[in-house]
Amino acid sequence: MQRCIDLAKLGSGHVAPNPMVGAVIVYNDTILGEGFHQQFGEAHAEVNAIRSVKDLSLLKKATIYVSLEPCSHYGKTPPCSDLLIEHQFKKIVIGCQDSHSKVSGKGIEKLKKAGIEVEVGILEKECRDLNKRFFTFHEKQRPYVILKWAQSKDGFLDKKRSENEIGVNWISSPETKALVHKWRSEEQSILVGRKTVQNDNPTLTVREFSGVNPTRIIIDSQLQLSGELNIFSDDAPTIIFNRLKNGMEGNVEWVKIHETNTELILEELYNRSIISVFVEGGSRTLQYFIFGNVWDEARIIVGDSIFNEGTKAPTINKTPSYSYPFSKDTVYHYFRK
C-alpha cells in the first residue's frame, strides 16, 4: 500500500479535480504490474496497472492493492470496479473508501457481490492524507485552503513603500522561491488580493519549477487593476472576482459577486470544480481566511532580513506542527486541525 501511495504522488498537479491514486498487482509475493492515475481525463491507476502486466491469465490468482476505492460510475472513463470484476481478481486491498457521492462504498459493494475478497482500511490515514484536497472538497463542499506568506525576522510582509512604488521586496532566498513554485504546481489555483497585484506585479506561475501553472484568482472588487499587469498574461487562466461585471476575454474571466468575501469566493471555486486554492496574500486577504476560520494549512517562510517598518504579517494563534530550515530561511507548517 505504501508503494501505491508513492506511485499516486507522481500524479500530483496533473489529475485534479480527480484524486491521486496508485495501484500495485501482486502474485506469489511478486509485483506483476503497477500504475497510477497520470492525467485528468485519462486512464485510472487500476487500468494502467493491468496494462503493465505481461501475463493477464495470472490476474485470477492475483491481489490488487489500490490506495482509493475503485470507481463504480461512468465519468471520463468506464468504472474501474467493472474492470477488476472482468479480470476476476482473487483479492482487492483498498487503502480508504471514496467519499465522493457517486462512489462512497458502491465500488466495494459491487466487488463483494461479484465474489471478490475485499479488504479495506490499510494505511487508511496515509491514504486519506494523500488526497486531503479531494476529501475536503467533497466532504466540506469547498476547496482545500493553503495559506502562504513570507515574512521578515521582525514580522513584516513588506517594507514601507513610497507612493506608486512597484516591485517585489524579496524576503526569502532564491532556493526558497523555487520551493514555493513547486508548492504552486501542486495546487489547482492561486489567490491574491488587488493590492498584492498592484504592488508586486506578480506573474503567479511555476516558472522556477517544472509543472502546470495554477489558475490565478484575483480579488479586485472595483476593477482597479491595469490590463498591462502580469496576471493578464497568457501564461495561465485568470479569474477576477469583482462587484461590477461578468465577462470573458481570452483566458481572463470576470466573475461578479455581490460581496468579495471568502465564503462566496470558495463557493464559486467549488462550483468550478477547483479542489484546492493557494492563498499568497496580501495581509488583509490572508487575515480574512484566518478570521473566517476557512483554512486547512498554512506555510510561513521567515527570512533573514529585518524591515523595521512596513506591512505587518498576519498572525496564527497556533503552535506550528513542524518547521525546518531551508537555505537561509525557516519554513513553518501549520494545520488548522
Side-chain angles (χ1 to χ4, degrees), residues 2 5-22 36-40 67 126 129-137 143-151 157 168-192 196-197 200-218 230-231 233 235-238 269 274-282 285-286 289 295-304 313 316 320-336:
Q2 185 59 54
I5 292 170
D6 293 341
L7 285 167
K9 288 177 181 177
L10 298 174
S12 176
H14 299 280
V15 301
N18 281 355
M20 294 177 281
V21 184
F36 65 97
H37 185 28
Q38 299 178 17
Q39 189 74 41
F40 175 71
S67 56
E126 291 84 349
D129 187 61
L130 168 71
N131 282 305
K132 56 193 175 185
R133 296 158 181 82
F134 177 79
F135 286 117
T136 296
F137 182 82
Y144 187 84
V145 177
I146 300 173
L147 310 180
K148 172 265 161 182
W149 69 86
Q151 64 182 57
L157 286 182
V168 181
N169 287 314
W170 288 107
I171 294 172
S172 55
S173 65
E175 292 83 4
T176 310
K177 181 183 175 186
L179 173 65
V180 171
H181 286 207
K182 177 183 181 294
W183 290 345
R184 288 177 180 178
S185 76
E186 295 166 351
E187 311 309 328
Q188 250 191 303
S189 66
I190 180 169
L191 183 149
V192 296
T196 296
V197 175
D200 297 349
N201 191 21
T203 306
L204 303 180
T205 60
V206 299
R207 59 200 179 278
E208 300 285 337
F209 186 81
S210 176
V212 179
N213 290 326
T215 296
R216 298 178 289 208
I217 313 294
I218 314 299
N230 290 332
I231 55 107
S233 71
D235 296 317
T238 302
L269 296 181
I274 292 176
I275 69 169
S276 66
V277 57
F278 196 58
V279 184
E280 283 212 48
T285 301
L286 288 161
F289 281 91
W295 62 280
D296 300 286
E297 192 177 326
R299 302 170 188 176
I300 302 171
I301 299 162
V302 178
D304 201 32
I316 291 178
S321 300
Y322 60 91
S323 64
Y324 52 89
F326 197 91
S327 186
K328 296 178 181 178
D329 310 317
T330 305
V331 181
Y332 296 88
H333 280 247
Y334 295 77
F335 293 91
R336 190 165 65 88

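Thr196 has its side chain out of reach of Thr285: every pair of non-hydrogen atoms, C-beta onward, lies at least 4.5 Å apart. In this structure, the side chains of Val279 and Val145 come closer than 4.5 Å at one or more pairs of heavy atoms. At least one side-chain heavy atom of His37 sits under 4.5 Å from a side-chain heavy atom of Asn18. Between Val180 and Glu280, the closest side-chain pair of non-hydrogen atoms falls below 4.5 Å. Contact of the Leu179 side chain with the Glu175 side chain is not registered, since no non-hydrogen atoms from C-beta on lie closer than 4.5 Å. The shortest side-chain heavy-atom distance between Phe36 and Gln38 falls under the 4.5 Å cut-off. Looking only at side-chain heavy atoms (C-beta outward), Arg184 and Leu204 come within less than 4.5 Å of each other. In this structure the side chain of Ile218 reaches within 4.5 angstrom of the side chain of Val192, judged on heavy atoms.
Distance CD1/Ile146 to CG/Leu191: 12.5 Å, rounded to 0.5 Å. Expressed to the nearest 0.5 Å, how far CH2 of Trp183 lies from CD1 of Ile190 amounts to 12.0 Å. With rounding to the nearest 0.5 Å, the separation of CZ in Arg207 from OG in Ser185 is 13.0 Å. Distance check, rounded to the nearest 0.5 Å: CG of Leu286 to CH2 of Trp295 gives 11.5 Å. Between the NZ atom of Lys148 and the CZ atom of Phe278 there is a distance of 6.0 Å, given to the nearest 0.5 Å. Taken to the nearest 0.5 Å, the CG atom of Asp235 stands 5.5 Å off from the CZ atom of Arg216.
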- request: Please report the C-alpha distance between Arg133 and Gln188 in whole Å, then the side-chain angles of each, then the deciding distance to 0.1 Å, and finally whether the side-chain contact (heavy atoms from CB on, under 4.5 Å) criterion is met.
  value: CA-CA 10 Å; Arg133 296 158 181 82; Gln188 250 191 303; over 6 Å; no
task: Test side-chain contact (heavy atoms from CB on, under 4.5 Å) on Met20 and Phe134 and set out the steps.
output: CA-CA 9 Å; Met20 294 177 281; Phe134 177 79; over 6 Å; no
- prompt: Given the rule in the side-chain contact (heavy atoms from CB on, under 4.5 Å) test, do Glu186 and Lys9 qualify, once you have shown the distances and angles that lead to the verdict?
  reply: CA-CA 10 Å; Glu186 295 166 351; Lys9 288 177 181 177; over 6 Å; no
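Scanning all heavy atoms of the two residues, the minimum distance from Val15 to Pro19 falls at CG2-O, 3.6 Å. Minimum interatomic distance between Phe209 and Ala178 (heavy atoms only, all atoms of both residues): CB-O, 4.3 Å. Taking every heavy atom of both residues into account, Thr136 and Pro143 meet most closely at CG2-O, 4.1 Å. Of all heavy-atom pairs between Ala313 and Gln151, the closest is CB-OE1, 3.3 Å. The two residues Ile217 and Ser189 come nearest to each other via the heavy atoms CG1-CB, 3.8 Å. The minimum heavy-atom distance linking Ile300 with Ile316 is given by the pair CD1-CD1, 4.4 Å.
Within the 3.5 Å criterion, the main-chain N or O of Gly22 finds a donor-acceptor partner in the side chain of Ser67. Under the 3.5 Å distance criterion, the side-chain polar atoms of Asn213 are left unmatched by any main-chain donor or acceptor of Thr205.
Between Tyr322 and Phe335, the ring planes are tilted. Angles from 30° to 60° get that label.
None of Ser173, Ser172, Pro174 except one satisfies the side chain to side chain contact (heavy atoms under 4.5 Å, CB included) rule with Ser327; the exception is Ser173.
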